[in-house]
Amino acid sequence: MKKKTIVIGVIGNDVHAVGNKIMYRAFTDAGFNVINLGVTVTQEEFISAAIESNADAILVSSLYGQGELDCRGMREKCEEAGIPNILLYVGGNIVIGKQDFEKVEQRYHDMGFDRAFPPGTDPQVDIDCLHKDLKMDE
Amino acid sequence: MKKKTIVIGVIGNDVHAVGNKIMYRAFTDAGFNVINLGVTVTQEEFISAAIESNADAILVSSLYGQGELDCRGMREKCEEAGIPNILLYVGGNIVIGKQDFEKVEQRYHDMGFDRAFPPGTDPQVDIDCLHKDLKMDE
Amino acid sequence: MEIRNRKLSDAEFEAERKEVLATWHTGKEVDLDDAFAYQKTLTGDLRFGDKLLAAKKERRTLIQPRAGVPVLDEHIKLMQYLEKYGHVDLLPSTIDSYTRLNSYDKAEEGLKQSILEGRALMNGFPAVNHGVYKCRHLVESVKTPLQVRHGTPDARLLAEITYAAGFTSYEGGGISYNLPYCKKIPLEHTIKTWQYVDRLTGLYEENGISINREPFGPLTGTLVPPAISHAVAVIEALLAAEQGVKNITVGYGQCGNITQDVAAILTLQELTEDYLDMFGFHDVEVTTVLHEWMGGFPEDEAQAFGVISLGAACAGLSKATKVIVKSPHEAVGIPTMEANAQGCRCTKQVINMLYEQEYSSKDLEVEKYMIKNATRAILEKCYELGDGDWALGACRGVETGALDVPFAPCAANAGLMLPARDNEGAVRILDPGNLPFDQETKDFHRRKMEERARYENRPVHFNMVVDDIYAIGRGRLVGRPGMRDI
Amino acid sequence: MEIRNRKLSDAEFEAERKEVLATWHTGKEVDLDDAFAYQKTLTGDLRFGDKLLAAKKERRTLIQPRAGVPVLDEHIKLMQYLEKYGHVDLLPSTIDSYTRLNSYDKAEEGLKQSILEGRALMNGFPAVNHGVYKCRHLVESVKTPLQVRHGTPDARLLAEITYAAGFTSYEGGGISYNLPYCKKIPLEHTIKTWQYVDRLTGLYEENGISINREPFGPLTGTLVPPAISHAVAVIEALLAAEQGVKNITVGYGQCGNITQDVAAILTLQELTEDYLDMFGFHDVEVTTVLHEWMGGFPEDEAQAFGVISLGAACAGLSKATKVIVKSPHEAVGIPTMEANAQGCRCTKQVINMLYEQEYSSKDLEVEKYMIKNATRAILEKCYELGDGDWALGACRGVETGALDVPFAPCAANAGLMLPARDNEGAVRILDPGNLPFDQETKDFHRRKMEERARYENRPVHFNMVVDDIYAIGRGRLVGRPGMRDI
Ligand code: B12
Ligand code: B12
């Protein structure tokens, strides 16, 4: 099976680097081809990296709480850039404060994200979801 | 002014002695004539002590949670014993668990207690109430 | 009553047993052979004592809450919740206060009322009223060993029933469940009823079934200096061993000064082992328990978590074999199962984070020395007063105030000594009363109290005691003059 | 860019100042004479530095939360709530992440959106956008001194505005607000902008107004060995002093091993004073701050309280001058004001209960010695690399990995060294990279790691690091192989 390619990074003015470094390792260990853009990544940088690498998915991290502002319009930008159906995940501490996660998830779905993950999600969970969504085990 | 007499003690099978010892000291220091029955006091013991000493008030402590069971019928017993109007206070941890105190207070009022006090009430508060209810400052 | 520390003969025990089992109708459900057979089905991690010994070996601290509600199904729910969400290692069943004073009829009524009103009206689980079979149902509903936790001067029937039901540990003792827990019962009497409990435990032991016994360490939970609770623990361990008990957990309630608390747990283990050895009990296994702060708690839950954590830290740093956990509801009332589990998780986090760490304070040796000296002084005096008999000695010790528990409600207790904190927050003796201390010990305590008095610019006085009683509830350790909340 | 550690001349400063004030329209609101006059109305306990010095004298630990919301009225409400229900001694105003990267236009938009949607969409208080007068309104709404807490590589305008508004303390520094807080900004650049902030502080100082400065101690908050954060703290203190700063608080983030944490606070105070003295700054007042655990937290609030309490305990035992408080919401999101105040009350309870207590571990001296040795090694190497210039030395040190911050996002950081916990949970160096340690230090760390490897029966390896990063969030200190939650 061909290696799947994913783009990861931390969006906006967010500098939380630890989770990103660990995700890079976990996904690499799990057999993905990982393009890691590190921290403070713009929507545009995510999208160009995905196009350049012909990626199967973009995994956006947002830890610092301003993710909602930073992620608005990302799906539309993907459409404009010609990758309308690319798999879009978001995870971390993606809103300000302790909120009911179902509502948070809904907000991100409405923004066009395929999945949103609650704080502290174990990389294994992300990997399982990728396997499912990218039909890797079929 | 004549010294007011109060009866204090811990009702039922309750052995919490520390608050009782401190109350004895606080009320004595505050100028009351205090009859201290100590712990594990029955309703009957409270009432006979009050009659014997011609007391102005009975202060029932209950800490261990079973106060509701132990205090039922106390006002009626006072009536039967011929001290129907004696001032009846109850304080301590007078119900099982953390409950809305307004409801707890109501339950004790319904049982005929003039006042019920929430956990950890400072003796100064009790003293102030006694002054008011026994019209000591008039 | 003539009390002596000697093993009950089979005949004595049998005679007494008949009476005991007749005191409430569920006594009929106890059959010893059936009980032994049932207990033998419980092995390994289902046995309290085994789990403790394994933990001791690994220098791990197990956690155990207090918890008990009247209605059986609710109690089972509570136990299962604590297993699942409290991550507890050991389970309790805290007995209600009517049962504790053998008012089984009142307990029956309370149980009925609780079912009727759909809310708990009693402060614990009336195991005697439930009887052997219902208690077995409880035992079978959990995967964690259960201990009876109570405060019962005469706990003979309760022991018969719960042992037969598969409980593998039993708290209490003739002194520690008298002085803090009743008003007028003579000490001879409770020591005697507890000889029965210990003999029963010994009988199980002789039949290959080890049941853990735990003297109640904290006593009144209020400024009890370690030497006093240690002396009680050692005597109760000796009395239990005499009746054939082989697995004993001695306890201590956190006082608040870390060095003193760590020293207390370390010396408690040492002293108990020393004395057991000295009196020929070479095969008794000793473990320790630290109780998180047993005095008045702060009402605020966040502050309560702070107190809980410091208690957990002392347990973790001293490598106590287990820690009895408090909940953030402590000041207000019996905790909900959620609050109870919160106390457990907070404790577990702290214990885990300190598992790898040791406390090696330079002052530890001084503190240990002082505790050992003072404990030995009390023990020796009691032994002497008892003409070489620990049971008699305990009675005479208490009577004369050689063994004196502060703030105890019991008339038997002399109540002559007064404790208070020193300037570092350690619990010292403000007034020794009749405690049989040597000059060195007396001077030490006096010096410590004077240090505080100088600092606070007030005389050594009972006011310090009152302030100290309120202090932790108001957000600090030492009750300084004029203190406000937090 | 040529960076040198020398005091900015008035002319340089003036020229730069014009540019700075022009970067956002609220810059116009700053008038230095008016600012001095305003600051002079704030005296005694309204001044951050004075309150710290008083606490240091009494060996008391002050408590301070992090907190900031975008909308002014909400922010004032938050501050007043923390005063009243958090019993805080010092107030923060945590700045949002757009302002931190000087995106004032984005901050304006976020502020607007937050008002529109009636909920905070930014993670802090955009002080620049609010401007001088609105910030003065904030200052006047509370009785507690305020500090700007942020993470801003170029914090010049923010300083101008908040100083003029009556803030009396300012967090950050050219290294500590670069490496953990940005990706591509060169270190020379941030050191330069922070020289400006320090010069501004010095100017206030010369006009009789003392503003406290606090280098950010915890850096990435993730397994940072004390020697590394200490080296940064000392260099930033020296750079600040050069510009005329006179009141400095150096910081450290709790690592989890009590002995190491206490040793870290003690040596931080000593080393900073030593170096300031050595370089001729005899009149700079140094205080310390311990940050409660800065890495990944457990999601469960009860467990979080345990972590918070242990942090508070280290602050209390080491007599740090202040402690920065975490909340039980830490793992999930910015705390509500209620959760924030809970963290404060829990912390205060622990701090108070330890006020009277000292930590005098026998291992403390070893730990202090190792920290001091390692810190000095890094400092000496930087000084040498900078040919006797601390600013240049810091840049070259970071470039070569002589000063290397683990897990830092910044490209300037070498990222060659790897930290991990030893078998007692202290943070050690697993791979020193280019850290300029002598053989003794290297051997010490290596030995410690091998001890752990033996115990865990696995090689010294990056897996340990990953396990350690997760450990506290999962209920323990050391990341053992195969660990489960709690
Ligand atoms: C360490 C830390 C810092 C360090 C970061 C150092 C660095 N450069 O990396 C420092 C101290 C510098 C810092 C700064 C700030 N922080 Co911070 N920080 C943390 C903390 C304590 C731990 C983060 C961490 O490293 N965790 C360990 C790693 C392994 O886990 P992780 O990051 O969660 O990532 C894992 C999972 O979430 C998941 N995951 C992550 N992304 C994605 C994406 C996808 C698609 C999927 C499937 C999974 C996934 O997999 C990762 C690996 O297991 C968290 C709180 C917490 N979690 O306990 C706060 C936290 C993230 N920080 C926060 C804030 C607000 C800030 C600041 C604004 C300062 C402030 N107000 O206090 C600044 C922001 C600066 C900026 N511009 O970004 C908030 C965010 C609030 C919110 N969302 O409501 C948090 C939650 C703390 C809080 N409760 O207030 N922080
Ligand atoms: C110390 C203590 C003990 C000691 C008591 C030693 C002794 N003999 O005195 C020991 C360890 C033996 C003990 C035993 C038990 N305890 Co207890 N104990 C406490 C504790 C921690 C402190 C009590 C105390 O001394 N406070 C200090 C004194 C100064 O304050 P105070 O007693 O509250 O009294 C003051 C005020 O309340 C007020 N006040 C008191 N009475 C009155 C009356 C009036 C009219 C007024 C106006 C004011 C007033 O003035 C007093 C002086 O300031 C409390 C919890 C807490 N408060 O933190 C639990 C607590 C009272 N105990 C409790 C329980 C359940 C028990 C046990 C059943 C064991 C168990 N299940 O864990 C047994 C009961 C034994 C029995 N038969 O009574 C519960 C009661 C639960 C409830 N009401 O829902 C509490 C609240 C703990 C809890 N949250 O579970 N306990």
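Here is how names work: the chains are called A, B, and so on, in the same order as the sequence lines, proteins then strands, and each is numbered from 1.
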Chain A shares the most heavy-atom pairs under 4.5 Å, among D/G221, D/G473, D/P409, with D/P409
Looking only at A/K21, A/R25, A/Q99, most heavy-atom pairs under 4.5 Å shared with chain D are made by A/R25
A/R115 and A/D133 ion-paired at < 4.0 Å: yes
One should read off an interatomic distance between D/M294 CE and D/E330 CD, to the nearest 0.5 angstrom, of 7.5 Å
Item to complete: Start with the C-alpha gap between D/M417 and D/D431, add the side-chain angles, then the distance that decides, and say whether side-chain contact (heavy atoms from CB on, under 4.5 Å) holds.
Response: CA-CA 5 Å; D/M417 84 81 134; D/D431 179 343; 5.9 Å; no
query: Is A/D114 paired with A/R75 through a side-chain N to carboxylate O contact shorter than 4.0 Å?
result: yes
Honestly, the part of D/P406 sitting under 4.5 Å from a heavy atom of chain A is neither
Checked D/V465, D/N123, D/I334 vs chain A; the most non-hydrogen pairs under 4.5 Å come from D/N123
Assess the pair A/Y64 and A/H16: is the distance between their ring centroids shorter than 6.0 Å? no
Whatever's closer than 4.5 Å to a heavy atom in chain A on D/A408 counts as backbone
Worksheet item: D/H291 and D/F216: aromatic ring centres closer than 6.0 Å?
Response: yes
Greatest number of non-hydrogen atom pairs under 4.5 angstrom with chain D, of A/D14, A/I22, A/N20, A/L63, falls to A/I22
Cut-off 4.5 Å, heavy atoms of chain D, and the answer for A/D70 is both
If one checks every heavy atom of D/F297 against chain A at 4.5 Å, the contacting part turns out to be neither
Practice problem: Taking only Lys NZ, Arg NE, NH1 and NH2, and the carboxylate oxygens of Asp or Glu, determine whether A/K3 and A/D56 approach each other closer than 4.0 Å. | Solution: no
Greatest number of non-hydrogen atom pairs under 4.5 angstrom with chain D, of A/N13, A/V15, A/V10, falls to A/N13
If one checks every heavy atom of D/I469 against chain A at 4.5 Å, the contacting part turns out to be side chain
I'd like to know if the side chain of A/E45 and the backbone of A/T42 have a donor-acceptor N/O pair within less than 3.5 Å. yes
When the 4.5 angstrom heavy-atom criterion is applied to A/E68 and chain D, the contacting part is side chain
Okay, D/T222 and chain A: the region with an atom under 4.5 Å from a heavy atom over there is side chain
With chain A, the option among D/Q113, D/R100, D/R119 that has the most non-hydrogen atom pairs under 4.5 Å is D/R119
Under 4.0 Å between a Lys/Arg side-chain N and an Asp/Glu carboxylate O for D/K112 and D/E109? yes
